[in-house]
Amino acid sequence: MTYENPLRDPRDRRLPRIAGPSGMVLFGVTGDLSRKKVMPAIYDLANRGLLPPGFSLTGFARRDWADQDFAQIVHDSVKAHARTEFREEVWKQLAEGFRFVPGDFDDDHAFDQLRRTIEELDDVRGTGGNHAFYLAIPPGFFGTVVGQLQEHGLSTPKEGSWRRVVVEKPFGHDLESARELNATLANVFPSGSIFRIDHYLGKETVQNILAMRFANEMFEPIWNSNYVDHVQITMAEDIGIGGRAGYYDGIGAARDVIQNHLLQLMSLVAMEEPTSFSADNLRIEKEKVLSSITLPRRLDLTTARGQYAAGWAGGEKVAGFLEEEGIKQTSTTETFAAVTLNVENRRWAGVPFYLRTGKRLGRRVTEVAVVFKKAPHLPFAESATEELGKNALVIRVQPDEGITLRFGSKVPGTQMEIRDVNMDFVYGGAFTESSPEAYERLILDVLLGDPPLFPRHEEVELSWKILDPILEHWAKQDASGKGKPDQYESGGWGPESANAMLARDGRVWRRP
């Protein structure tokens, strides 16, 4: 049950929505995700007054800590990574609700202690039996943990309260494993209680794609194949794999980013207008797009992959992927992936969507570029339009969140000369309030039980149906010795094969 203030008009936007009595159990509390994202986001929510006074956070891990040691870990994480100012009075109230339960995931005694801890918090902190279980752990342990939650009566809420589970990507490594994972979760939790976090969907700019498209009349008439030439969706990182060799090798860029982040961005850009912004209506439209996506016939010509080689990045000499600690010299895991996708419906027929992601690229950036066709007739001398490109609407997801519109304008002077110029909207310059971190928004939505920004299992399975044939094609190339990931220079923009992929269509990648 979600607490509703009976004196409040639901249309009143002056007051934010505040979570009702609730607590969170964090599995994998010692990991990077918990320390750098989840715990700081919980503090930031408390600092903004969006958590109930009795909110509790219970950590579960193998370490033999006491509650105060856990509080110190959270304190250090919050001080290092919180977005908002650190305030002692907020911290003290939050820290009173911290508990720690040591144990392994298959330890019955530990889960029994967890049940008693939650019951104690319901009495002492007034959490009301409402608890979210956040699985910030490798997917291989999901089945064990949710099985233990079920066995110890932790997954079943008492009447009038709720229990929810939060899982992080990867949602499987192919369609078959995704279905197994979905079945494991569905055996214990009902569909509406499973929250799959794709943190990109919590970013303000991603939500602004929907606002920009459907709140403005000027974009929708040209948002189709009559006017759009192609769409490029890029997520570039300037870092390497760091210490993540154990996780990354065998996963690769396509599974890590394209299957979730980029296909979700693509579905928001390409979807039809939903009848409302409820979770079900958004999901219906996104599923229609994902169901309509087809792959080109020649995957050898319409996909590209690579591994970063040694070079210079950010003024420092860096090692190549195959030289990273923990990576075998024979590894065929890609650190760069680019794919061409088509949407077979009336709106997008004939408009290719180019998706690319990579590590050790020129700069850290995520953007969606909608590139328009050239005007059918230019009544200017050819020499006047030599520097005129195609109009483009670029949605910058990170960093420098905002939107850029590229169009042609006359260069001042006596001659008629037309050149591309940019018109910029930047979130930081237009709004005084800084954007909350994606995890703040998503954790609050979990506690409120508000699911529009969380992909459902149908979307996850449709995404794997799109990606699996590409991964199988690459695996066949590796097995036959006909192809392997191309090397590309660190600090550049990917392998030459990615440029050739677009050149075959008479197009070029946009330099972010």
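We count residues from 1, following the sequence as given. Quick note: numbers below take in every heavy atom, side chains included, and nothing from hydrogens, waters or symmetry partners.
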Could you walk me through whether F353 and H230 pass ring-ring contact (aromatic ring centres under 6.0 Å, His included), step by step?
CA-CA 6 Å; F353 284 71; H230 69 280; 9.5 Å; no
Under the ring-ring contact (aromatic ring centres under 6.0 Å, His included) rule, what do Y488 and F336 come out as? Steps first, then yes or no, please.
CA-CA 9 Å; Y488 63 92; F336 176 99; 5.7 Å; yes
Charged N to carboxylate O below 4.0 Å: is that the case for K465 and D174?
no
Could you tell me whether E401 and R396 have a side-chain N and a carboxylate O separated by less than 4.0 Å?
no
Is there a side-chain contact (heavy atoms from CB on, under 4.5 Å) between L210 and L282? Walk through the geometry before answering.
CA-CA 10 Å; L210 299 176; L282 274 174; 4.0 Å; yes
Can you confirm whether the side chains of N422 and T404 place a donor and an acceptor under 3.5 Å from each other?
no
Is it the case that more than 12 heavy atoms not belonging to F219 sit under 6.0 Å from its CZ atom?
yes
Starting at CG of L263, measure out to CG of L467 and round the result to the nearest 0.5 Å.
7.0 Å
Please name the residue in the list K374, R507, K373 that meets the salt bridge (Lys or Arg N to Asp or Glu O under 4.0 Å) test with D229.
R507
Is the number of heavy atoms from other residues, nucleotides or ligands under 6.0 Å of K484 NZ greater than 12?
no
In plain terms, say whether R360 and E237 are close enough for a salt bridge, that is, a side-chain N and a carboxylate O under 4.0 Å apart.
no
Flag for N391-R406: side-chain donor and acceptor within less than 3.5 Å:
no
Are R510 and E367 ion-paired here, with the side-chain N under 4.0 Å from a carboxylate O?
yes
What distance separates D44 CG from M39 CE, expressed to the nearest 0.5 Å?
13.5 Å
So how far is it from H473 NE2 to D300 CG, rounded to the nearest 0.5 Å?
5.0 Å
Evaluate the criterion side-chain contact (heavy atoms from CB on, under 4.5 Å) for residue pair L135 and E168; output intermediate values, then yes/no.
CA-CA 7 Å; L135 308 189; E168 282 274 349; over 6 Å; no
What are the two closest heavy atoms between A309 and Q487, and how far apart are they?
CB-OE1, 3.7 Å
How long is the gap from OG1 on T333 to CZ on R255, to the nearest 0.5 Å?
8.5 Å
Ignoring hydrogens and geometry beyond distance, is a side-chain donor-acceptor pair present between S193 and R164 at under 3.5 Å?
no
Verify salt bridge (charged side-chain N to carboxylate O under 4.0 Å, His left out) between K286 and E459, making sure each step is shown before the conclusion.
CA-CA 8 Å; K286 286 201 290 182; E459 294 172 57; 3.2 Å; yes
In plain terms, say whether K359 and D238 are close enough for a salt bridge, that is, a side-chain N and a carboxylate O under 4.0 Å apart.
no
Can you label the angle between the F86 ring and the W91 ring as parallel, tilted or perpendicular, going by 30° and 60°?
tilted
What do the steps show when you test F171 against V460 for side-chain contact (heavy atoms from CB on, under 4.5 Å), and what is the final call?
CA-CA 7 Å; F171 310 125; V460 172; 3.7 Å; yes
Is the shortest side-chain N to carboxylate O distance from E272 to R347 below 4.0 Å?
yes
My understanding is that only residues two or more places apart in sequence, or in another chain, count here; which of them pass ring pair (Phe, Tyr, Trp, His ring centres under 6.0 Å) with Y134?
none
With no hydrogens and no angle check, just 3.5 Å: does a side-chain donor-acceptor pair link Y308 and E324?
yes
Nearest-0.5 Å distance that lies between atom OG1 in T357 and atom CZ in R305:
15.5 Å
Between S177 and W464, do the side chains contain an N or O donor and an N or O acceptor separated by less than 3.5 Å?
no
Do R456 and N182 have a side chain donor and acceptor closer than 3.5 Å?
no
In Å and rounded to the nearest 0.5 Å, what is the CD1 to CD1 distance from I466 to I293?
3.5 Å
Does a salt bridge link R283 with E287, judged by any charged N lying under 4.0 Å from a carboxylate O?
yes
Heavy-atom side-chain proximity of V365 to Q398 below 4.5 angstrom
no
Residues T332, W474; criterion side-chain hydrogen bond (donor to acceptor under 3.5 Å, both in side chains); working and verdict:
CA-CA 9 Å; T332 56; W474 289 345; over 6 Å; no
Give the C-alpha distance, both sets of side-chain angles, the deciding distance and a yes or no for side-chain contact (heavy atoms from CB on, under 4.5 Å) between W509 and N499.
CA-CA 7 Å; W509 287 109; N499 296 329; 3.4 Å; yes
